[in-house]
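The structure appears right after this line, and notes come after that.
Proteins come first, then strands; the chains are lettered A, B, ... in the order of their sequence lines, and each starts at number 1. These numbers were taken from a predicted model, which means no experiment stands behind them.
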Amino acid sequence: MDKSDVARVLAQIAALLELKGENPFRIRAYQAAARALAAIPGDLRAAHASGALGETSGIGPATLEIVDELLTSGRSRMLDDLQDQVPPGLTDMLRISGLGVAKVRQIHESLHVDSLAELEEAARDGRLARLPRFGPRTAEKILKGITFLRQASGQRLAHHARAEAVALAQMLSRLTGVREVHLAGSLRRHCELVRDLDLVLVAERDDESLHARLREAAGAVETARGGGAVSLRLEAGAAADLYPCTRDTAGWVLLRATGNDAHLAALRERAAAGGLRWEDDGLYRGDQALPLPSEQAVYDVIGLPWIAPELREGHGEIEAAVAGRLPRLVERDDLRGFLHCHTGYSDGTNTVREWADAGIAQRYAYLGITDHSPATAFAGSLQPEHVPQQHREIDAANAAQSGIRVLKGVEADILEDGSLDYAPDVRRAFEFAIASVHTRFGMDRHGLTERVLRAMDDPTMTILGHPTGRLLLSRDPFPLDLDRVFARAAERGVAIEINADPQRLDLDWRDVRRAAAAGVTISIGADAHGTAQMSHVDLGLGIARKGWLEPQHLLNVRPVDEFLAFARRRRP
DNA sequence: GCCGTTTTCGGCCCGACTGTTTTCAGTCG
């Protein structure tokens, strides 16, 4: 149970209360508590023990009691009770875009629908469209939403999957005879979505008694064996494929459990060409099994350099390895600048000073603060009259701190006509600007593309933020003509963001590589609303690496003077 | 449920869009 688990429980409680028709302000309080809890700095247990949690705004006695219960027993009685009272299908229905609590309740009460399957039936046979304030378009939209949910089912956002996998790995590493546990599969490849958790267990002996211990492992409710893997389903809902092995075969098993099918097929082809036999339990030269204790050893015998897990997608990495042209992928230590964060001036939870301190702790040389412009009213935004005050705070932080430079940035809205929010003189007061689309996604491909292209003509724009607006598992990217956007960005010297918010990871890694090939400079933006979200950068880095990016492709690898020169270059 | 007092209760964020309506409730960000 960490912060995000507890925050999820609180958010679930809020949704269930809403479905029951509770007092909206009580519901909002649980939602606020969930947000506040997710944003606290440091470890939850420590914050709870020290009493800091109770001091946090938005967290009161009721929340504290739930946190207490979750930390000691892993369960919440309130949540359990609510789940007994509300049909589970109703919470599934809430995840459909366009369906909120009021409509779900209306559907439930007037049509007695309480599962997705029944909802689908009601949408198809016309009952749904006949409800007051519903109609054919609503029914159609709901059918589309059900399809979307089905596709997404079983898929998890990378950071949720990672948290589950790490907890599982810790539990498994305590089993007798287990020496090491490694994350593998799409998680290790840093994919944006993860369906199955794959873990490799290096044990003293891979025998029946180990498998028996796995089956009896804490919380396992169902196990199955097949293809050398043990599938485990845990009480908490996580399902994982475990690959037990010994030290002698660890490299082989880890490599097989990590690469996608295309990567493995290409490796296999190359192994065959080199006279090797590829079997489930290892590589053979004649009848001789080769020792494969590390991935390096496997690549060695196939005659290739080690290939970073992020690249193992079958997108030309084998050819590049053969030619000695694998990229020198960007690493965390290459990053000098932390960009895209929000303070209390808009919808963030920390002050300028707190951000500066956090930036120092994370060894960044500079940190760009970028609050929302007024058009993003729902997020709370930095009003023009408050800009001088924020800038004085930044100047004070710079005067007081040593070792970090805080930059005056902004996340300005790209308005419907392609102009940027704020009057030009206000915008010029900022040292750099991220510009993003937050409203009117419904425009057609041509209109949206023209809107973004026009924004890039503005000389105060430095970076295009979350370019396609997608929300993983809930909203498709909007239909932007990326080729035209990349071409214009390269021509104008506008950088394009990899937004590292785990729900966005936008630009998609497949497009990152195209953008870099088109000559676009890429910027990794955390889009953090609290210092606890600084680690999002690691997810963004994973996407950059999947896009084959080297340090020279990235804007925030550059020293602060070069970063500012990049931002100023286009200004008159 | 939480906050902040006018300190033990009263107030709690809102504008735009959508698909319905024929004036607006519900959803979203």
Restricting to pairs with a member in residues 453-490 of chain A, which pass ring pair (Phe, Tyr, Trp, His ring centres under 6.0 Å), not counting sequence neighbours? A/His438-A/His466, A/Phe441-A/Phe478

Could you check which of B/dC28, B/dC12, B/dG1 has an atom nearest any side-chain atom of A/Ser97? B/dC28

Looking only at the side chain of A/Ala29 (C-beta and beyond, no hydrogens), which of the listed nucleotides B/dG1, B/dC12, B/dG29 gets closest? B/dG1

For atom [atom1], what is the distance between [N] and [M], given to the nearest Å?
| N | M | atom1 | value |
| --- | --- | --- | --- |
| B/dT22 | B/dC28 | C1' | 24 Å |
| B/dG1 | B/dT8 | C1' | 15 Å |
| B/dT6 | B/dG11 | P | 14 Å |
| B/dA25 | B/dT20 | P | 16 Å |
| B/dT21 | B/dC17 | C1' | 15 Å |
| B/dG10 | B/dT5 | C1' | 10 Å |
| B/dC13 | B/dC3 | C1' | 15 Å |

Rounded to the nearest Å, what distance is computed from the [atom1] atom of residue [X] to the [atom2] atom of nucleotide [N]?
| X | N | atom1 | atom2 | answer |
| --- | --- | --- | --- | --- |
| A/His372 | B/dC13 | NE2 | P | 17 Å |
| A/Glu55 | B/dC2 | CD | P | 14 Å |
| A/Leu415 | B/dG15 | CG | C1' | 14 Å |
| A/Arg28 | B/dT27 | CZ | C1' | 15 Å |
| A/Glu22 | B/dC2 | CD | C1' | 15 Å |
| A/Ile66 | B/dC2 | CD1 | P | 8 Å |
| A/Leu17 | B/dG1 | CG | P | 9 Å |
| A/Leu471 | B/dC28 | CG | P | 12 Å |

Give a yes or no on whether a salt bridge exists between A/Glu164 and A/Arg156, defined as a side-chain N under 4.0 angstrom from a carboxylate O. yes

Along nucleotides 17-26 of chain B, 5' to 3', which nucleotides get a B, which get an S, and which get a -, given that the test is a protein heavy-atom distance under 4.0 Å? S-BSS--BSS

For A/Leu420 and A/Ala455, work out which heavy atoms get closest and say how close. CD2-CB, 3.9 Å

Residues passing the side chain to side chain donor-acceptor pair (under 3.5 Å) test with A/Arg513, sequence neighbours excluded, are none

Please list, chain by chain and in numerical order, all residues satisfying side chain to side chain donor-acceptor pair (under 3.5 Å) with A/Glu431, sequence neighbours excluded. A/Arg405

Assigned partner base of B/dT8, Watson-Crick or wobble definition, under 3.5 Å: none

State which residues pass ring pair (Phe, Tyr, Trp, His ring centres under 6.0 Å) with A/His386; sequence neighbours excluded, sorted by chain then number. none

Does the side chain to side chain donor-acceptor pair (under 3.5 Å) test come out yes or no for A/His342 and A/Glu411, once each step is laid out? CA-CA 9 Å; A/His342 299 268; A/Glu411 183 177 11; 3.3 Å; yes

N or O in side chain of A/Arg26 less than 4.0 angstrom from B/dC12 OP1/OP2: no

On the nucleotide B/dG1, are OP1 or OP2 found under 4.0 Å from the side-chain N or O atoms that A/Thr63 carries? no

Using a 4.0 Å heavy-atom cut-off, does A/Phe25 contact any base of the nucleic acid, only the sugar-phosphate backbone, or nothing at all? base

Sorted by chain and number, sequence neighbours left out, side-chain contact (heavy atoms from CB on, under 4.5 Å) with A/Pro388 holds for A/Arg392

